[in-house]
Amino acid sequence: MQIKFSFDSSKPIAGEASIEIDKPINDVFAYIGEHFYDNYPKWALEVVELEPLDGNKVFVGAKAKQVREDNGSKVESVFEITDYQPAMKLIFKGLTEPYTHSYLLESSQEKQCTRLTFRFELAEIDVFMRPFQKLIRSAIEDGAENTVENIKKLLITDRNQNLTAS
């Protein structure tokens, strides 16, 4: 007799959210991409430590170490920038943990605003966590929504401040 499970461990668990930001695409990308190391902990509040490992410039191949506080425990991981295209996208992938963060930007000419899409993908989960895939997916989707909302709030509410500096 073959046992079938209602989950598929080969498919990543992902969450995605998009938002329109009333700012030009170059301003949004400057905040997210060019000044990533300064600003990432501002919108990802669970990041309690961030250390660039290859200097403060953002480029394909640059690595950083982060410590996140998730549900009361600290989780350390190293990630690498895998795609960096100014005014278009920033993607990084975990080297020590199986995740990918994608920030994709599109400009709306008629509205003079930027559409930001954030996608978080968890490539695999531990066997003992597989029965909780729906809960994990829901948490990831909520996290994606929070991410785009946080970025928008930071960019809009602090219009008169220089958000590119720490």
Side-chain angles (χ1 to χ4, degrees), residues 5-19 21 28-106 114-155 163-164 166:
F5 295 101
S6 62
F7 49 81
D8 181 356
S9 63
S10 66
K11 286 182 17 178
I13 301 173
E16 184 176 294
S18 295
I19 199 164
I21 301 172
V28 177
F29 190 80
Y31 186 76
I32 294 170
E34 293 169 21
H35 300 281
F36 173 75
Y37 296 124
D38 293 325
N39 295 325
Y40 176 51
K42 293 177 186 176
W43 75 72
L45 302 177
E46 65 281 356
V47 175
V48 293
E49 291 178 41
L50 180 65
E51 178 188 349
L53 300 176
D54 298 310
N56 287 326
K57 280 288 232 191
V58 179
F59 58 90
V60 172
K63 294 176 186 67
K65 180 177 82 172
Q66 69 176 342
V67 177
R68 300 170 68 90
E69 194 167 299
D70 290 324
N71 296 321
S73 61
K74 290 188 177 183
V75 179
E76 183 178 300
S77 68
V78 174
F79 62 84
E80 177 179 20
I81 307 291
T82 58
D83 200 344
Y84 181 79
Q85 294 180 33
M88 291 179 64
K89 65 178 139 178
L90 167 67
I91 300 173
F92 62 89
K93 182 176 184 174
L95 298 176
T96 57
E97 296 292 329
Y99 62 83
T100 302
H101 286 225
S102 302
Y103 300 86
L104 311 171
L105 291 86
E106 298 173 75
T114 301
R115 181 164 191 77
L116 168 65
T117 300
F118 170 72
R119 179 177 174 83
F120 177 83
E121 191 172 289
L122 191 56
E124 60 186 61
I125 57 172
D126 292 327
V127 172
F128 68 91
M129 294 299 289
R130 290 182 185 161
F132 306 104
Q133 268 187 284
K134 286 183 181 179
L135 287 172
I136 294 168
R137 180 172 285 108
S138 178
I140 288 172
E141 289 169 355
D142 288 348
E145 286 290 335
N146 289 338
T147 296
V148 295
E149 289 287 341
N150 287 346
I151 292 170
K152 180 177 182 172
K153 284 178 193 168
L154 287 164
L155 281 164
L163 291 176
T164 59
S166 291

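Bear in mind that the values here come from a model prediction, so they are computed numbers and not experimental data.
- A donor-acceptor pair is defined here as one N or O able to donate and one able to accept, closer than 3.5 Å; such a pair exists between the side chain of Asn39 and the backbone of Tyr31.
- Interatomic distance, Glu49 CD to Glu69 CD, rounded to the nearest 0.5 Å: 10.5 Å.
- Considering every non-hydrogen atom in both Ser18 and Thr117, the closest pair reads OG-OG1, 2.6 Å.
- Within a 6.0 Å radius of NZ in Lys57, other residues, nucleotides and ligands contribute 12 heavy atoms or fewer.
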Practice problem: Please step through side chain to side chain contact (heavy atoms under 4.5 Å, CB included) for the pair Glu106 and Leu104, ending with a clear verdict. | Solution: CA-CA 7 Å; Glu106 298 173 75; Leu104 311 171; over 6 Å; no

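- Using a distance-only test at 3.5 Å, with no hydrogens or angles considered, no donor-acceptor pair links the side chain of Ser138 to the main chain of Lys134.
- Here CG of Leu155 is found 5.5 Å from CD1 of Ile21. Values are rounded to the nearest 0.5 Å.
- The two residues Ala64 and Tyr37 make their nearest non-hydrogen contact at CB-CE2, 3.8 Å.
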Quiz prompt | From CA spacing to verdict: side chain to side chain contact (heavy atoms under 4.5 Å, CB included), Glu80, Lys93 | solution = CA-CA 5 Å; Glu80 177 179 20; Lys93 182 176 184 174; 5.8 Å; no

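- Ring pair Phe36/Tyr84: centre-to-centre distance not below 6.0 Å.
- Closest of all the heavy-atom pairs between Tyr40 and His101 is OH-CE1, 3.5 Å.
- In this structure, Val60 and Thr82 approach most closely via the heavy-atom pair CG1-O, 3.9 Å.
- Looking only at side-chain heavy atoms (C-beta outward), Ile151 and Ile19 stay at 4.5 Å or farther from each other.
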Exercise. Test Met88 against Leu105 for side chain to side chain contact (heavy atoms under 4.5 Å, CB included), laying out the working first.
Key: CA-CA 5 Å; Met88 291 179 64; Leu105 291 86; 5.9 Å; no

Quiz item: So Tyr103 and Phe29, side chain to side chain contact (heavy atoms under 4.5 Å, CB included) or not? Walk me through it.
Solution: CA-CA 9 Å; Tyr103 300 86; Phe29 190 80; over 6 Å; no

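- Remark: side-chain polar atoms of Ser77 are not paired, donor with acceptor, to backbone N or O of Thr96 under 3.5 angstrom.
- Taking the six-membered ring for Trp and the full ring otherwise, Trp43 and Phe118 have centroids separated by 6.0 Å or more.
- For the pair Tyr99 and Gln66, the tightest heavy-atom approach, listed with the atom from each and the gap, is OH-NE2, 3.1 Å.
- Nearest heavy-atom pair, Ile140 versus Gly15, reported as atom, atom and distance to 0.1 Å: CG2-N, 3.3 Å.
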